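The structure under discussion appears below in the form of structure tokens.
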Amino acid sequence: MLGDFTYCNPTKLYFGKNAMDGLNRELPKYGKNVLLVYGGGSIKKNGIYDKVVAILKANGKNIFEDAGVMPNPTVEKLYEGVERARAAKADLILAVGGGSVCDYAKAVSVSVHCDEDPWEKYFIRFEEPACETLPVGCVLTMVGTGSEMNGGSVITNRKAKLKIGHVFADEKIFPRFSVLNPEFTYTLPKYQMVSGFYDIMSHIMEQYFSGTDDNTSDYIMEGLMRSLVHSSLVAVREPENYEARSNIMWTATWALNTLVAKGKDTDWEVHMLGQAVGAVTDATHGMTLSAVSMPYYRHIMRYGLEKFRRFAVNVWNVSPEGKTAEAVAEEGLAAMEAWMRSLGLVMNISDLGATESMLDDLVNATLVMTGGYKVLDKEEIRAIFKESL
Ligand code: NZQ
Ligand code: ZN
């Protein structure tokens with residue numbers, strides 16, 4: 001490992017069928033006023049809301065609700081949440097939902113006591129909070145983003161046609177605790193479930209396809225990807241297979257809880273392309289990534305050929321015997337594409353509502369990253385979007 005680093009992950013996890021018991025252990029550590037944050041109502045239909053409220057009441061908490069956090073939470077909703085948290089004099093924000101709810105809770109946390117505009121401060125200037133922040137806890141209901149154990153928060157500004165993620169370095173912004181019960185994810189519609197699966201894969205690939213040194217993180221990631229491919233194929237056939245869903249939930253957390261990024265560069269260009277698609281179409285996050293991935297990886301393959309060859313052999317079991325590195329690498333990407341199609345992922349941005357007339361907006365909204373095998377120029381970004389249409 002060539003890079004120096006500091007490692008600390010402060011989030012306490014409660015994992016498994018009885019994970020919700022962890023709330024009883026955590027809640028006494030915080031004050032009485034709890035801002036209960038959730039999305040469009042799935043938790044009311046599947047009973048998770050009732051369970052959480054019963055535990056909050058049993059612990060003597062005053063519950064203040066902030067419902068309606070939409071997928072790809074907006075800056076307008078953030079401003080509203082800040083007002084609610086202030087009015088409630090919240091001591092704890094409890095996020096019950098997927099990555100959107102959890103990301104939003106973190107954004108509210110850093111904004112409640114902030115005098116500046118949070119969009120400008122955190123999502124344009126990427127500053128760390130200088131003010132007091134509120135603790136966040138999470139009950140996860142959708143698997144994919146890793147938001148349950150990281151400092152990431154992604155907010156969309158539809159007027160500016162921008163979707164921007166800030167990965168807060170400050171450990172206080174990571175959830176203090178997260179409740180991970182794989183059974184809570186059974187009610188996800190298939191579209192959301194497989195979108196989350198691809199989000200996990202993409203997180204790993206973004207961190208895998210960089211650097212040339214021999215690095216422990218790459219070996220860990222190969223194991224995570226093998227586990228994900230195996231379990232995802234089981235889960236699409238049998239959505240209530242606990243073994244598969246629990247492995248996927250755990251893989252998602254480790255894919256983006258800062259561990260595998262340590263000691264190496266990371267890419268994240270697929271996420272920048274996907275976020276541009278999200279900013280313009282408001283499409284589901286994982287699908288924005290699947291729709292741009294094949295053109296992107298086929299484009300950069302030749303710049304990181306040895307890693308793509310290794311990916312083919314170690315993740316997709318491609319036999320390298322008697323083949324050029326290029327042929328092996330191409331077989332690996334073909335195997336990945338076949339896996340993506342078998343899950344039912346979206347493979348074109350036109351299926352998400354993008355059109356040729358949006359190309360300028362898409363290119364403008366795409367941030368250029370420098371940690372991968374090829375730093376893209378604007379023409380390459382345009383060509384990748386065109387091929388993704
Ligand atoms: O709003 P409700 O009614 O709850 O429905 C949600 C939502 O419509 C539904 N859902 C969640 N759990 C469910 C369920 N439906 C039935 N049963 C359940 N158990 O699923 C839909 C999608 O939820 P959402 O939270 O939007 O999904 P996801 O977890 O994929 O989060 C996406 C957001 O996270 C950001 C994305 O950009 C996007 O804004 N990301 C956050 C990251 C981070 N913090 O590190 C990294 C990621 O790369 C990503 O960018
Ligand atoms: Zn993602």
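Note that the numbering runs from 1 along the sequence shown for the chain. These figures come from a predicted structure and were not determined experimentally.
Closest approach of D117 to Y79, counting heavy atoms only: OD1-OH, 2.7 Å. For the pair D213 and G263, the tightest heavy-atom approach, listed with the atom from each and the gap, is OD2-O, 4.4 Å. The shortest non-hydrogen separation linking I381 to L273 is CG2-CD2, 4.0 Å. Taking both residues in full, the closest heavy atoms of G274 and V292 are given as N-CG2, 4.4 Å, listed atom of the first, atom of the second, then distance.
Summarising the geometry, atom CD1 belonging to I48 is positioned 6.5 Å from atom CE belonging to M20; distances are rounded to the nearest 0.5 Å. Residue S210 holds its OG atom at 8.0 Å from CG of N215, rounded to the nearest 0.5 Å. From M149, atom CE reaches atom CG of L13 across 4.0 Å, with rounding to the nearest 0.5 Å. With values rounded to the nearest 0.5 angstrom, R245 atom CZ is found 11.5 Å from N181 atom CG. Between the CD atom of E183 and the CG atom of N18 there is a distance of 9.0 Å, given to the nearest 0.5 Å. Here the CD1-CE distance, from I220 to M225, works out to 11.5 Å after rounding to the nearest 0.5 Å.
Transitive grouping of hydrophobic side chains (ILVMFWY, heavy atoms separated by less than 4.5 Å) brings M347 and M358 into a common cluster. If you chain together hydrophobic residues whose side chains sit under 4.5 Å apart, V179 and F174 never meet in one group. Linking Ile, Leu, Val, Met, Phe, Trp and Tyr residues whenever their side-chain heavy atoms come within less than 4.5 Å places F308 and L289 in a single cluster. Under the 4.5 Å side-chain contact rule for hydrophobic residues, V112 and L35 share a cluster. Clustering ILVMFWY residues whenever any of their side-chain heavy atoms sit less than 4.5 angstrom apart, transitively, puts V101 in a cluster other than the one holding L180.
Although no hydrogens or angles enter the test, the distance criterion places no donor-acceptor pair under 3.5 Å between the side chain of D361 and the main chain of K161. Side-chain N or O atoms of E269 include one that pairs as donor or acceptor with a backbone N or O of M369 at under 3.5 Å. Between the side chain of E132 and the backbone N or O of H113 there is no donor-acceptor pair closer than 3.5 Å.
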Derivation of the side-chain contact (heavy atoms from CB on, under 4.5 Å) call for R237 and V234 = CA-CA 5 Å; R237 283 196 313 271; V234 176; 4.0 Å; yes
Test log, rule side-chain contact (heavy atoms from CB on, under 4.5 Å), inputs V368 and M272 = CA-CA 7 Å; V368 175; M272 297 307 111; over 6 Å; no
Would E356 and K386 satisfy salt bridge (Lys or Arg N to Asp or Glu O under 4.0 Å), going step by step from the backbone distance to the final call?
-> CA-CA 7 Å; E356 186 124 21; K386 254 189 134 163; 3.6 Å; yes
Give the intermediate values and the outcome of salt bridge (Lys or Arg N to Asp or Glu O under 4.0 Å) for residues K77 and D66.
-> CA-CA 10 Å; K77 179 67 187 163; D66 182 5; 2.8 Å; yes
Step-by-step side-chain contact (heavy atoms from CB on, under 4.5 Å) determination, K159 to N157 | CA-CA 6 Å; K159 272 193 217 117; N157 187 327; 3.7 Å; yes
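A heavy-atom distance below 4.5 Å is not found between the side chains of L224 and L228. With a 4.5 Å cut-off on side-chain heavy atoms, D21 and Y14 do not count as touching. At least one side-chain heavy atom of M336 sits under 4.5 Å from a side-chain heavy atom of M205. At a threshold of 4.5 Å between non-hydrogen side-chain atoms, the residues V110 and H166 do not count as touching. Taking 4.5 Å as the limit, some side-chain heavy atom of L78 sits within range of a side-chain heavy atom of V108.
Around CZ of R86, the count of heavy atoms belonging to other residues, nucleotides or ligands within 6.0 Å exceeds 12. Residue-environment remark: CG (D377) exceeds the threshold of 12 foreign heavy atoms within 6.0 Å.
Looking at N317 and R226, their side chains do bring a donor and an acceptor atom within 3.5 Å of each other. A side-chain donor-acceptor contact under 3.5 Å links T253 and E148. Judged purely by distance below 3.5 Å, without hydrogens or angles, the side chains of N314 and Y219 never pair a donor atom with an acceptor atom.
Using a 30° and 60° split on the angle between ring planes, F168 and Y122 fall in the perpendicular class, above 60°. Ring pair Y373/F209 is perpendicular by interplanar angle, where above 60° counts as perpendicular and below 30° as parallel. Ring geometry for F311 versus Y208: interplanar angle of 30 to 60°, hence tilted.
The ring-ring contact (aromatic ring centres under 6.0 Å, His included) contacts involving residues 41-66 comprise Y38-Y49, where partners must be two or more places apart or lie in separate chains.
Of the candidates T185, V236, T187, I248, M193 forms a side-chain contact (heavy atoms from CB on, under 4.5 Å) with just one, namely V236. Evaluated for a side-chain hydrogen bond (donor to acceptor under 3.5 Å, both in side chains) with D282, the options T288, N72, T74 yield exactly one hit, N72.
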Give every donor-acceptor pair under 3.5 Å between a side-chain atom in residues 87-94 and any protein atom, sequence neighbours left out.
| unit_1 | atom_1 | unit_2 | atom_2 | d |
| --- | --- | --- | --- | --- |
| D91 | OD2 | K32 | N | 3.1 |
| D91 | OD2 | N33 | N | 2.9 |

Which atom pairs, donor and acceptor, lie under 3.5 Å between side-chain atoms of residues 133-146 and protein residues at least two apart or in another chain?
| unit_1 | atom_1 | unit_2 | atom_2 | d |
| --- | --- | --- | --- | --- |
| T145 | OG1 | S147 | N | 3.0 |

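In this structure, the side chain to side chain contact (heavy atoms under 4.5 Å, CB included) partners of N247, at least two apart in sequence or on a different chain, are S227, S231, E243. Every residue meeting the ring pair (Phe, Tyr, Trp, His ring centres under 6.0 Å) condition with W250, not counting sequence neighbours, appears here in chain and number order: F15, W254. Residues passing the ring pair (Phe, Tyr, Trp, His ring centres under 6.0 Å) test with H271 are H203, W268, H285, sequence neighbours excluded.
The side-chain tip of K374 points at the ring of Y303 from less than 6.0 angstrom away and within 45° of straight on. A cation-pi arrangement is present between K17 and Y242 under the rule of less than 6.0 angstrom and at most 45 degrees off the ring axis.
With salt bridges taken as basic N to acidic carboxylate O contacts below 4.0 Å, none links K323 and E330. With respect to the salt-bridge test (charged N to carboxylate O, under 4.0 angstrom), the residues E306 and R310 do not qualify.
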